[in-house]
Amino acid sequence: MSAEVPKIKLKIDPQDLQIRTFTVEKLLEPLIIQVTTLVKCPQNPSGKKKGRSKQARVLLASVEEATWNLLDKGEKIAKEATVLKEELHAALADVQKESQALKISAEAFTSDPCYLPKRQAVVQTARSLLTAVTRLLILADMVDVAYLLEHLTVFQRTFETLRNVSSKSDLQNTYQKFQKDLENLDYLAYKRQQ
């Protein structure tokens with residue numbers, strides 16, 4: 001694996017990201033459902049005794065844990081990334097900032113879950129966090145695609161060399177390299193699919 005991996009120039013605008021992959025859409029679907037159900041609240045909640053919601057605290061803890069896991073994986077991706085490194089770090093910082101904002105507004109909401117302005121504030125911060133997470137996932141997906149394209153270029157070069165061999169020994173050596181490149185590309189495609 002001493003072959004140098006070529007740099008691929010992506011034709012994208014990291015400021016204008018849209019969900020174009022089914023996987024990212026499916027990952028975000030449960031979050032979107034949870035955020036939208038928070039919006040559907042009555043304008044005048046019941047006059048029953050107000051209390052602290054244990055479920056909201058549990059939900060907040062699970063969102064925090066999921067966000068920290070996402071940030072940890074995102075930092076690993078950003079360290080290994082060869083493209084969009086700055087954009088990934090900016091997206092990670094944005095997710096962290098929005099996560100902290102959600103924690104603050106959610107704690108206020110759990111102290112008085114029937115107060116409509118607090119509910120609206122937590123919904124707005126949850127949407128902001130969802131937007132930041134979406135941006136991070138899309139950028140990570142783009143980095144993954146760029147990595148696959150780089151390896152595809154290496155594979156194509158080896159294939160061209162294989163087509164132009166002139167001796168049997170060159171054919172054997174190039175074919176072995178071709179097999180390794182093909183296995184590597186197959187593994188990367190499998191890993192991406194997982």
Side-chain angles (χ1 to χ4, degrees), residues 10 12-81 83-147 191-194:
L10 292 177
I12 54 121
D13 178 10
Q15 301 304 320
D16 181 36
L17 300 177
Q18 298 175 4
I19 299 175
R20 293 187 181 155
T21 61
F22 186 69
T23 305
V24 172
E25 203 173 312
K26 278 295 180 194
L27 286 170
L28 293 174
E29 192 174 297
L31 290 172
I32 293 168
I33 291 169
Q34 286 183 359
V35 170
T36 54
T37 55
L38 284 173
V39 177
K40 296 175 186 172
C41 66
Q43 289 295 327
N44 298 316
S46 70
K48 294 182 181 178
K49 183 179 176 185
K50 295 179 182 180
R52 297 183 189 272
S53 174
K54 292 179 183 177
Q55 290 180 342
R57 292 189 188 283
V58 171
L59 178 62
L60 176 60
S62 68
V63 169
E64 281 184 63
E65 182 181 342
T67 304
W68 288 114
N69 287 338
L70 179 72
L71 286 168
D72 184 47
K73 289 178 183 175
E75 286 171 4
K76 289 176 185 174
I77 291 169
K79 283 180 186 176
E80 297 172 3
V83 294
L84 301 172
K85 205 172 192 83
E86 294 166 8
E87 289 86 353
L88 277 170
H89 285 294
L92 284 166
D94 195 31
V95 169
Q96 192 167 9
K97 181 186 86 169
E98 295 300 336
S99 175
Q100 286 302 107
L102 178 63
K103 181 179 179 181
I104 292 167
S105 67
E107 285 173 351
F109 169 69
T110 56
S111 68
D112 189 9
C114 296
Y115 188 56
L116 193 58
K118 288 182 181 181
R119 179 181 290 269
Q120 290 169 338
V122 80
V123 167
Q124 185 58 43
T125 55
R127 284 181 178 164
S128 296
L129 177 60
L130 186 59
T131 301
V133 167
T134 302
R135 180 173 172 72
L136 178 62
L137 287 173
I138 291 171
L139 282 168
D141 188 56
M142 292 167 74
V143 167
D144 197 29
V145 168
Y147 190 64
K191 192 173 162 185
R192 175 170 169 71
Q193 187 179 12
Q194 293 301 315

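Every heavy atom of this structure was used, including side-chain atoms; hydrogens, water molecules and symmetry mates were not.
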To the nearest 0.5 Å, what is the distance between [atom1] on [X] and [atom2] on [Y]?
| X | Y | atom1 | atom2 | value |
| --- | --- | --- | --- | --- |
| Gln100 | Glu64 | CD | CD | 7.5 Å |
| Glu107 | Thr110 | CD | OG1 | 6.5 Å |
| Gln96 | Trp68 | CD | CH2 | 4.0 Å |
| Leu70 | Glu75 | CG | CD | 10.0 Å |
| Thr131 | Leu136 | OG1 | CG | 12.5 Å |
| His89 | Leu84 | NE2 | CG | 11.5 Å |

Notebook entry, point to check: Can you name the side chain to side chain donor-acceptor pair (under 3.5 Å) partners of Ser105, sequence neighbours left out?
Noted result: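 For Ser105 the side chain to side chain donor-acceptor pair (under 3.5 Å) partners, ignoring immediate neighbours, are Thr125.
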Next item on the list: Taking side-chain contact (heavy atoms from CB on, under 4.5 Å) as the test, write out the residues that go with Thr67, two or more places apart.
Entry: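 In terms of side-chain contact (heavy atoms from CB on, under 4.5 Å), with neighbours along the sequence ignored, Thr67 is linked to Val63, Leu71, Val95, Ser99, Leu129.
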I need the minimum non-hydrogen distance between [X] and [Y], along with the two atoms involved.
| X | Y | value |
| --- | --- | --- |
| Leu92 | Ala78 | CD1-CB, 4.0 Å |
| Ala91 | Leu139 | CB-CD1, 3.7 Å |
| Ala106 | Val122 | CA-CG2, 3.6 Å |
| Leu88 | Ala81 | CD1-CB, 3.8 Å |

Check: Among all residues two or more places apart in sequence or in another chain, which pass the salt bridge (charged side-chain N to carboxylate O under 4.0 Å, His left out) test with Lys76?
Finding: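 For Lys76 the salt bridge (charged side-chain N to carboxylate O under 4.0 Å, His left out) partners, ignoring immediate neighbours, are Asp72.
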Check: In terms of heavy-atom contacts, does NZ of Lys85 have more than 12 from other residues, nucleotides or ligands at under 6.0 Å?
Finding: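 For Lys85, atom NZ is crowded (more than 12 foreign heavy atoms under 6.0 Å).
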Margin query: With side-chain contact (heavy atoms from CB on, under 4.5 Å) as the criterion, how do Lys118 and Ser111 come out once you've worked through the C-alpha distance, each side chain's angles and the decisive distance to 0.1 Å?
Written below: CA-CA 9 Å; Lys118 288 182 181 181; Ser111 68; 3.7 Å; yes
